[in-house]
Amino acid sequence: MTLEDLEIKIKNISENYKAEPIGGWITGDGPVPCDILFVGEAPGKTEVETGKPFVGLAGKTFEKYLNSVGLYRKNVRITNTCFFRPVKLKISKANKTTISNRPPKIPEINLFREILNEEIKIVNPKLIITLGNIPLKRLTDFKSIGECHGKVVFNSIIGKYIFPMYHPSSLTYNRNDEFLRLYENDWSLLKNLLKTI
Ligand code: URA
């Protein structure tokens, strides 16, 4: 399969999906093949508007830390577990509709199983870095990022090393120094790991 085939499949899956509300779709971004592949959760509003993963608020945090370990967007591949933007709609008493992001549901993640597997094959990374619980559960047997962040694990089914990290938006939910130190320590562990690959 080529990147073009993947894009056509993502488009078809997304445009034919009627079970839940969604708000557009994107593909992965970055060079192919590539030694380093980051896998996020699902795109948000800004990502769908620009057609690129991790360009919104979480993306700004992500890029800051990425650069701090000597990596740049142009040298890494970034993709997602779910390629469309899962949304929920709320209708107010005044009949106004507001749209917000929601986490992808398991059947939605499963719609893209083959796509992510194929992307991993095409990218052929030496290391996959999962960002948050959604890609962690999709690519490892761990149930929660708290139990495995900052440790290298091997997925023998896909034959790839995986480095689980917290999602960058977790900094928004955990505004305390202890979590910041833990989060920044994972990035310095990644920096050391990159010297060995
Ligand atoms: N968060 C994600 O998990 N993925 C994106 O592409 C953007 C934000």
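Residue numbers run from 1 in the order of the sequence given. The figures that follow rest on heavy atoms only: side chains count, while hydrogens, waters and symmetry mates do not. In this text the structure is predicted, and so the values were computed from the model without any measurement.
Taken together through direct or relayed side-chain contacts under 4.5 Å among Ile, Leu, Val, Met, Phe, Trp and Tyr, F54 and I26 form parts of separate hydrophobic clusters. I134 and I162 fall into different hydrophobic clusters, where Ile, Leu, Val, Met, Phe, Trp and Tyr are joined by side-chain heavy atoms under 4.5 Å apart, directly or via other members. No path of Ile, Leu, Val, Met, Phe, Trp and Tyr side chains, each step under 4.5 Å between heavy atoms, connects L111 with I8, placing them in separate hydrophobic clusters. Under the 4.5 Å side-chain heavy-atom criterion for grouping Ile, Leu, Val, Met, Phe, Trp and Tyr, L37 is connected to L6 within one hydrophobic cluster. Using a 4.5 Å cut-off between side-chain heavy atoms of Ile, Leu, Val, Met, Phe, Trp and Tyr, with links allowed through other members, M1 and I13 fall into the same hydrophobic cluster.
The shortest distance between side-chain heavy atoms of K96 and K90 does not fall below 4.5 Å. Residues R113 and N110 form a side-chain contact, since some pair of their non-hydrogen atoms from C-beta on lies under 4.5 Å apart. Using a 4.5 Å heavy-atom cutoff, the side chains of P164 and T130 are in contact. Side-chain atoms of L189 and L193, non-hydrogen and from C-beta on, never get closer than 4.5 Å to each other. No side-chain heavy atom of P33 sits under 4.5 Å from any side-chain heavy atom of I122. Residues E41 and P104 meet the side-chain proximity criterion, which asks for heavy atoms closer than 4.5 Å. Put simply, the side chain of T98 does not reach to within 4.5 Å of the side chain of I91, judged on heavy atoms. Using a 4.5 Å heavy-atom cutoff, the side chains of I115 and I10 are in contact.
Closest of all the heavy-atom pairs between P135 and V39 is CG-O, 3.2 Å. Considering all non-hydrogen atoms of both residues, K60 and V55 come closest at NZ-O, 2.8 Å. Closest non-hydrogen pair, P43 versus V48, comes out as CB-CG2, 4.3 Å. Between L71 and N67, the closest heavy-atom pair is O-ND2, 3.0 Å. In plain terms, the two heavy atoms of N80 and P53 that are nearest each other are ND2-CB, 3.8 Å. Nearest heavy atom pair, residue R85 against residue K45, reads NE-N, 3.5 Å.
Other residues, nucleotides and ligands place more than 12 heavy atoms under 6.0 Å from the NZ atom of K18. The number of heavy atoms from other shown groups lying within 6.0 Å of NZ (K160) is above 12. Heavy atoms from other residues, nucleotides or ligands lying under 6.0 Å from CG of L57 number 12 at most.
For the ring-ring contact (aromatic ring centres under 6.0 Å, His included) criterion with Y17, the lone passing option out of F83, F84, F112, W25 is F84. For the side chain to side chain contact (heavy atoms under 4.5 Å, CB included) with I120, the lone residue among I158, N155, T79 that qualifies is I158.
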| ring-ring contact (aromatic ring centres under 6.0 Å, His included) assessment of Y161 paired with F154 | CA-CA 4 Å; Y161 286 99; F154 187 69; 4.7 Å; yes
| request: Would you sort out whether T81 and R138 count as a side chain to side chain contact (heavy atoms under 4.5 Å, CB included), showing the intermediate values? | output: CA-CA 8 Å; T81 311; R138 168 65 180 79; 3.6 Å; yes
| Does the pair E184 and Y65 meet the rule for a side chain to side chain donor-acceptor pair (under 3.5 Å), with working shown? | CA-CA 8 Å; E184 294 192 337; Y65 284 102; 2.7 Å; yes
| request: Go through the steps to decide whether L66 and R73 satisfy the test side chain to side chain contact (heavy atoms under 4.5 Å, CB included), and finish with yes or no. | output: CA-CA 8 Å; L66 185 72; R73 283 189 84 101; 4.3 Å; yes
| request: Step by step, work out the salt bridge (charged side-chain N to carboxylate O under 4.0 Å, His left out) result for E47 and K52. | output: CA-CA 5 Å; E47 284 75 22; K52 279 190 194 310; over 6 Å; no
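Rounded to the nearest 0.5 angstrom, L171 CG and Y166 OH are separated by 11.0 Å. Taken from OG in S68 to CG in L190, the straight-line distance is 9.0 Å, to the nearest 0.5 Å. The line from SG of C34 to NZ of K126 is 10.5 Å long, rounded to the nearest 0.5 Å. To the nearest 0.5 Å, atoms CE (M165) and CD1 (I145) are separated by 8.5 Å. Atom OG1 in T2 sits 3.0 Å away from atom CG in D5 (nearest 0.5 Å).
Side chain of S188 to main chain of N185: a donor-acceptor pair is present (N/O by atom type, distance under 3.5 Å, no hydrogens or angles).
In summary, E108 and R102 engage in a salt bridge, as defined by a charged side-chain N under 4.0 Å from a carboxylate O. With respect to E118 and K121, a salt bridge is recorded, a charged nitrogen being found less than 4.0 Å from a carboxylate O. Using a 4.0 Å cut-off between charged nitrogen and carboxylate oxygen, E119 and R77 count as a salt-bridge pair.
Hydrophobic side-chain contacts under 4.5 Å tie I99 into a cluster, directly or through other members, with V87, L89.
For the 3.5 Å distance criterion, the side chains of N192 and K195 qualify, holding a donor opposite an acceptor.
Sorted by first and then second residue, the side-chain hydrogen bond (donor to acceptor under 3.5 Å, both in side chains) pairs involving residues 169-181 (not counting sequence neighbours) are H167-S169.
Take F38 and apply the ring-ring contact (aromatic ring centres under 6.0 Å, His included) test, not counting sequence neighbours, and it matches F62.
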